[in-house]
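The structure under discussion is supplied below as structure tokens; questions concerning it will follow.
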Amino acid sequence: MKFSKSLKLNHIFQRLYRTTGVANGFVVLYARKNGTDTNRVGITVSKKLGHAVVRNRVRRRLRDVYRLNEEKFRKGWDIVVVARSKAVTADFQKLTAAYLQLAEKAGILLPARNEL
RNA sequence: CGACCGGAUCGGACAGCCGCGGCUGCAGGCUGAAAAGCCGCAGGUGAGGAAAGUCCGGGCUUCAUAGGGCAAGGAUAACAGGUAACGCCUGCCGGGGGUGACCCUAGGACAAGUGCAACAGAGAUAUACCGCUGCAGCGGCUCGCCGCUGCAGCAAGGGUGAAAAGGUGGGGUAAGAGCCCACCCGGCCUAUGGUAACAUAGGUUUUACGAUGUAAACUCUAUCCGAAGCAACGCCGUGGAGAAGCAUAUGGUUUGCCCGACCGCUUCAUGGAGGCGGCUUGAUCCCGUGAGCGAUCACGGGACUAGAUAGAUGGCUGUCAAGACAGAACCCGGCUUAUAGAUCCAGUCGCAAC
RNA sequence: GGUACCGUAGCCAAGUGGUAAGGCACGAGUCUGCAAAACUCUGAUCCGCCAGUUCAAAUCUGGCCGGUACCU
């Protein structure tokens with residue numbers, strides 16, 4: 001990925017959870033400017049959603065959604081994505097639609113100038 | 001053909017595009033004096049039979065410990081073997097189940113001692129309620145029986161219970177009882193077979209074998225066990241706090257000035273942010289030969305086969321199949337639990353045909 | 001990843017082998033013009049589940065299931 005890294009430090013997660021996120025039935029999304037020119041993305045899948053195989057599948061899908069749509073995002077943000085229970089049963093297209101809808105709502109997408 | 005039984009192996013496949021973690025290589029790019037790091041490219045590699053539960057046993061690390069013994073606490077329990085070790089495995093014995101292949105089995109000692117056995121029942125390790133019988137007395141009459149009272153004998157029958165002093169049959173007796181006899185069961189002794197547990201056969205005479213159950217109750221006997229766990233542990237180390245030395249305010253920082261607040265450098269030890277190591281070559285795997293009923297062992301040849309650190313295997317498309325349980329985190333050997341389906345091997349019973 | 005503990009009525013819970021105390025709540029009744037308070041009565045069907053030991057298991061043993069706490 002060109003300008004994105006994985007978000008690892010626990011205190012940054014805690015700082016993001018104090019902001020107001022946006023949500024739908026699939027995921028919750030928290031976002032905050034980090035003052036650099038790279039994005040840091042963290043994914044949280046709770047143990048309530050299932051055993052390890054289910055949690056790994058949800059996490060890998062959420063990571064691929066960001067990877068395949070990286071050009072649409074603005075630079076310089078910390079993003080945390082929390083999976084909800086509908087994300088376990090949703091297919092990939094529904095998950096992508098839900099993710100991008102929340103990113104639009106949070107204002108971290110570039111204006112869609114070359115669409116259509 | 002149908003119904004079963006035991007064991008072993010596999011447990012989505014192929015193609016295309018986009019991605020991820022280690023490893024190796026590069027006269028590639030950037031930083032750097034170098035070592036090296038980051039990026040890029042190429043090659044090759046990358047989750048399980050249970051990776052799970054954390055129920056046992058080890059390796060490894062730290063702490064404790066001269067060495068040995070006793071005690072305490074815990075674990076295991078027929079016998080023989082296997083193993084680094086085990087509470088695991090194999091064989092075998094005893095017991096139970098199945099027509100059978102076969103399956104299940106914590107299976108030492110209540111005859112060392114102690115405890116417990118509710119309710120019911122006369123009585124729970126001991127007895128005499130109903131009862132059976134003899135003798136004496138009294139009473140009745142149909143005159144050899146009945147009833148009551150007292151003394152004595154009995155443990156067969158009734159009933160209670162999970163359990164009532166071996167079982168069946170006969171003799172015996174006033175009535176009865178292993179009191180005696182025959183057979184059986186159990187205990188003990190001897191012989192034979194077996195490494196052994198044990199099995200089979202014989203004996204059990206004299207005054208004198210017959211004992212309730214429970215040890216997953218305390219206990220006894222035999223054997224074993226130091227404790228904790230990779231978030232262990234080792235190394236580097238920011239800030240803070242500590243010690244020593246140097247410096248010492250007329251200085252410096254905090255907003256240009258005033259007020260106010262704070263204090264520098266070096267070394268040492270400690271060390272909780274963070275980082276690195278531990279981290280994968282091992283009681284390893286595959287093939288063959290031999291020993292053994294088997295678990296397993298010996299020898300020969302070959303292979304190197306994940307090592308992450310918020311945690312790498314994913315997404316999409318097509319064809320087939322539709323199909324489970326499920327994701328390494330220091331590493332091994334077991335056990336237990338979850339698991340759709342497929343293949344192979346050995347075998348049993350029933351029916352039919354030859 | 002590791003360690004320790006718990007599970008009994010709707011809730012809080014006692015119960016160390018012999019038919020499961022108590023309190024709150026719910027329901028019914030008495031009282032009251034109607035309520036509240038007070039008083040009386042009611043409920044475990046298998047003590048989380050499955051096996052085993054025992055004459056007998058909430059209790060003892062083993063295995064599962066669910067939950068809680070601690071180690072950073």
Side-chain angles (χ1 to χ4, degrees):
Chain A
M1 286 183 277
K2 298 178 184 64
F3 55 85
S4 303
K5 287 196 289 191
S6 160
L7 173 55
K8 301 176 180 179
L9 298 173
N10 188 38
H11 66 270
I12 300 178
F13 272 85
Q14 295 303 321
R15 195 167 65 192
L16 276 158
Y17 286 146
R18 283 200 297 271
T19 67
T20 30
V22 290
N24 57 22
F26 296 91
V27 290
V28 186
L29 191 143
Y30 301 90
R32 187 178 188 275
K33 278 195 175 179
N34 61 9
T36 67
D37 58 349
T38 60
N39 281 3
R40 292 185 294 188
V41 183
I43 298 171
T44 295
V45 183
S46 149
K47 209 170 184 179
K48 289 176 193 170
L49 297 186
H51 49 69
V53 174
V54 171
R55 294 201 305 272
N56 275 343
R57 187 165 56 234
V58 171
R59 181 165 47 79
R60 285 163 181 159
R61 279 180 168 166
L62 288 175
R63 202 170 50 199
D64 255 27
V65 167
Y66 180 84
R67 182 180 63 81
L68 294 172
N69 296 283
E70 190 190 10
E71 297 82 11
K72 300 179 184 169
F73 282 80
R74 296 179 189 270
K75 292 182 184 179
W77 290 75
D78 284 343
I79 303 167
V80 164
V81 180
V82 180
R84 284 186 160 178
S85 58
K86 278 172 76 175
V88 173
T89 51
D91 59 26
F92 189 73
Q93 284 86 3
K94 282 184 183 172
L95 208 57
T96 305
Y99 199 118
L100 293 179
Q101 178 209 338
L102 287 183
E104 178 82 50
K105 202 171 168 185
I108 55 175
L109 287 187
L110 292 170
R113 58 184 187 281
N114 48 2
E115 298 286 324
L116 293 177

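Each chain gets a letter, A, B and so on, in the order the sequences are listed, and its residues count up from 1. The model shown is predicted, which means the values in this text are computed figures rather than measured ones.
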Syn/anti label of B/G28 as read from its glycosidic torsion, with the cut at 90° from 0: anti

Pick the P atom in B/C279 and in B/A329, then give their distance to the nearest Å.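 Nearest-Å result for B/C279 against B/A329 at atom P: 16 Å.
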
Side-chain (A/D78) to main-chain (A/R32) donor-acceptor, under 3.5 angstrom: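 Not confirmed, A/D78 side chain does not pair with A/R32 backbone.
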
Rounded to whole Å, please give me the gap between CG in A/D78 and P in B/A310.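 It is 16 Å, rounded to the nearest whole Å.
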
Distance, P atom - from B/U125 to B/U114, rounded to whole angstrom: 13 Å

Just compare B/C316, B/A312, B/A326 and give me whichever is closest to any side-chain atom of A/R59. B/A312

Chi-angle category of B/A47 [syn within 90° of 0, anti beyond]: syn

Between A/R63 and B/U313, does any side-chain N or O lie under 4.0 Å from OP1 or OP2? yes

When the distance from CG of A/L68 to P of B/G19 is rounded to whole Å, what number comes out?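 My rounded result for the distance is 9 Å.
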
P spacing across the pair C/A58 / C/G52, given as an integer number of angstrom: 15 Å

For B/G178, does the glycosidic angle fall within 90° of 0 (syn) or outside that (anti)? syn

Show the nearest heavy-atom pair for residues A/V58 and A/A87, with the distance to one decimal. CG2-O, 4.2 Å

B/A217 and B/G229, which share atom name C1', separated by this distance in whole Å: 36 Å

If I take atom CD in residue A/E70 and atom P in nucleotide B/C20, what distance separates them, rounded to the nearest angstrom?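 About 11 Å, once rounded to whole Å.
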
Using atom P in both nucleotides, what's the gap between B/G176 and B/U133 to the nearest angstrom? 8 Å

Now, which nucleotide makes the Watson-Crick or G-U wobble pair with B/U207, with each of the two distances under 3.5 Å?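 Paired with B/U207, as far as the under-3.5 Å criterion goes, is no nucleotide at all.
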
When the distance from CZ of A/R57 to P of B/C325 is rounded to whole Å, what number comes out?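 Checked: the CZ to P distance equals 10 Å.
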
With a 4.0 Å limit, can you tell me whether A/H51 has a side-chain N or O closer than that to the phosphate oxygens OP1/OP2 of B/A52? no

Taking N and O atoms by type only, does the side chain of A/R60 place a donor or acceptor under 3.5 Å from a partner on the base of B/G327?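 Under the 3.5 Å cut-off, the side chain and the base do form a donor-acceptor pair.
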
Using Watson-Crick or G-U wobble geometry with both distances under 3.5 Å, which nucleotide pairs with B/U54? none

B/G97 glycosidic conformation (syn if within 90° of 0, otherwise anti) is anti

Given the P atoms of C/C71 and B/G314, what is the spacing between them in whole Å? 36 Å

Would you check if the distance from the ring center of A/F26 to the ring center of A/Y99 is below 6.0 Å?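 Not under 6.0 Å, so no.
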
For B/U204, glycosidic torsion class - syn if within 90° of 0, otherwise anti: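 Anti for B/U204; the angle lies over 90° from 0.
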
Nearest-angstrom distance, P atom, B/A71 to B/C225: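 It comes out at 15 Å once rounded to the nearest Å.
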
Looking at A/A83 and A/V45, what are the two nearest heavy atoms and their distance?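 So the two residues come closest at CB-CG2, 4.2 Å.
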
Taking only the side-chain nitrogens and oxygens of A/R61, find out if one of them lies under 4.0 Å from OP1 or OP2 of B/G314.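 Looking at the OP1 and OP2 atoms of B/G314, neither is under 4.0 Å from any side-chain N or O of A/R61.
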
Of A/I43 and A/D91, whose closest RNA chain B nucleotide lies nearer the 5' terminus? A/I43

Whole-Å C1' distance, B/A197 and B/A306: 50 Å

Under-3.5 Å donor-acceptor pair between A/N56 side chain and B/G327 base: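 Answer is yes: a donor-acceptor pair is held.
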
